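Below is one structure, written out as structure tokens; comments come after it.
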Amino acid sequence: MQTWLMKSEPEEASIDDLQRLGRLPWVGVRNYQARNFMRDAFQLGDRVLFYHSSCAQPGIAGIARVASGAYADPTQFDPSNPYFDPKSKPEAPRWLLVDVAFERKTTLLPLSEMRLQPELATMALLQRGSRLSITPVSDSEWAFLAQRLT
DNA sequence: GCCAACGTTGGC
DNA sequence: GCCAACGTTGGC
């Protein structure tokens, strides 16, 4: 089983929202590399580290699971939605999503602390200039993180 | 609000 | 297919 880190702005969808709803369609991915991870590499039951971005305390806020295969993100077809993509056609959807299911909250592991850990220096999230909203987490990175996510 | 870094677009 | 211009991300 693989572990992934997925970024979400808590103002839009926080770990508390996921806890309340139990399950969420991960709408709004508009990057081909991130889409391809969901389409080609995600497996049902894969672990998801739920990361809060663009907020006062960026960091890992909880753990979730991949709860569906990839399917068309409906927001790309809705002209009133901020994620609307006029170039995407229903017969050939450009953007996909997966459902994500709540597992548990963790005490927030701040980005600033993650940066201090040599064991995490290889994380895709921490690489210079990395902006990708979905990144893989290696087994050794997860093993280290698991001890700190309480 | 700033700005570095990156991805996408579109003219050629 | 190149690459400059532009838009976006996201930490600070």
Side-chain angles (χ1 to χ4, degrees), chain A residues 2-21 24-42 46-66 68 70-138 140-142 144-150:
Chain A
Q2 168 79 42
T3 300
W4 305 93
L5 184 140
M6 297 177 78
K7 296 182 189 174
S8 180
E9 300 185 15
E11 284 199 4
E12 196 170 345
S14 71
I15 190 70
D16 290 319
D17 295 326
L18 182 59
Q19 179 170 39
R20 186 160 38 81
L21 296 167
L24 275 176
W26 201 269
V27 300
V29 171
R30 296 293 181 268
N31 170 282
Y32 290 104
Q33 208 179 335
R35 180 203 67 182
N36 293 350
F37 278 140
M38 292 194 286
R39 186 190 61 192
D40 304 332
F42 272 35
D46 274 357
R47 184 183 297 108
V48 172
L49 307 183
F50 195 114
Y51 179 90
H52 284 173
S53 68
S54 293
C55 58
Q57 274 274 51
I60 297 173
I63 298 176
R65 296 280 171 181
V66 174
S68 80
Y71 62 96
D73 179 343
T75 63
Q76 70 196 301
F77 305 124
D78 176 1
S80 70
N81 192 286
Y83 293 123
F84 177 61
D85 181 353
K87 294 185 206 153
S88 183
K89 301 280 170 260
E91 58 273 20
R94 179 176 298 199
W95 304 114
L96 305 175
L97 57 70
V98 297
D99 291 346
V100 164
F102 179 78
E103 184 162 305
R104 66 184 173 93
K105 285 181 70 170
T106 62
T107 53
L108 189 93
L109 181 57
L111 175 63
S112 57
E113 279 186 31
M114 297 170 68
R115 288 202 184 280
L116 298 175
Q117 306 296 338
E119 293 88 344
L120 299 180
T122 54
M123 282 189 76
L125 172 77
L126 303 184
Q127 300 315 302
R128 174 184 181 76
S130 162
R131 301 184 312 180
L132 202 53
S133 65
I134 300 178
T135 49
V137 177
S138 76
S140 64
E141 290 157 2
W142 163 245
F144 184 84
L145 286 165
Q147 299 179 306
R148 271 152 191 81
L149 291 169
T150 55

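Note on naming: letters A, B, ... go to the chains in the order of the sequence lines (proteins, then strands), and numbering restarts at 1 for each one. Note that the coordinates shown come from a computational prediction; the quantities given were computed from them, not determined experimentally.
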So does A:R94 get a backbone contact from the side chain of A:R35, meaning a donor-acceptor N/O pair under 3.5 Å?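 Judged by distance alone, yes, a pair lies under 3.5 Å.
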
Kindly give the atom pairs (protein nitrogen or oxygen, nucleotide nitrogen or oxygen) under 3.5 Å for nucleotides 4-11 of chain C.
unit_1, atom_1, unit_2, atom_2, d
C:dT8, O2, A:R131, NH1, 2.6
C:dG10, OP1, A:K7, NZ, 2.9
C:dG10, OP1, A:R131, O, 2.7
C:dG11, OP1, A:Y51, OH, 2.9
C:dG11, OP2, A:S54, N, 2.9

Can you say whether the rings of A:F50 and A:W26 are parallel (under 30°), tilted (30 to 60°) or perpendicular (over 60°)?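 A:F50 and A:W26: perpendicular rings.
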
Partner set under side chain to side chain donor-acceptor pair (under 3.5 Å) for A:T3, not counting sequence neighbours: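 Checked A:T3 against side chain to side chain donor-acceptor pair (under 3.5 Å); matches are A:R47.
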
For A:R104, which residues count as a salt bridge (charged side-chain N to carboxylate O under 4.0 Å, His left out) partner, sequence neighbours excluded?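 Per chain and number, A:R104 pairs via salt bridge (charged side-chain N to carboxylate O under 4.0 Å, His left out) with no residue.
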
Within the 3.5 Å criterion, strictly below it, is a donor on A:Y71 or A:D99 matched to an acceptor on the partner's side chain?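 Their side chains do contain a donor-acceptor pair, which is all the 3.5 Å distance test asks for.
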
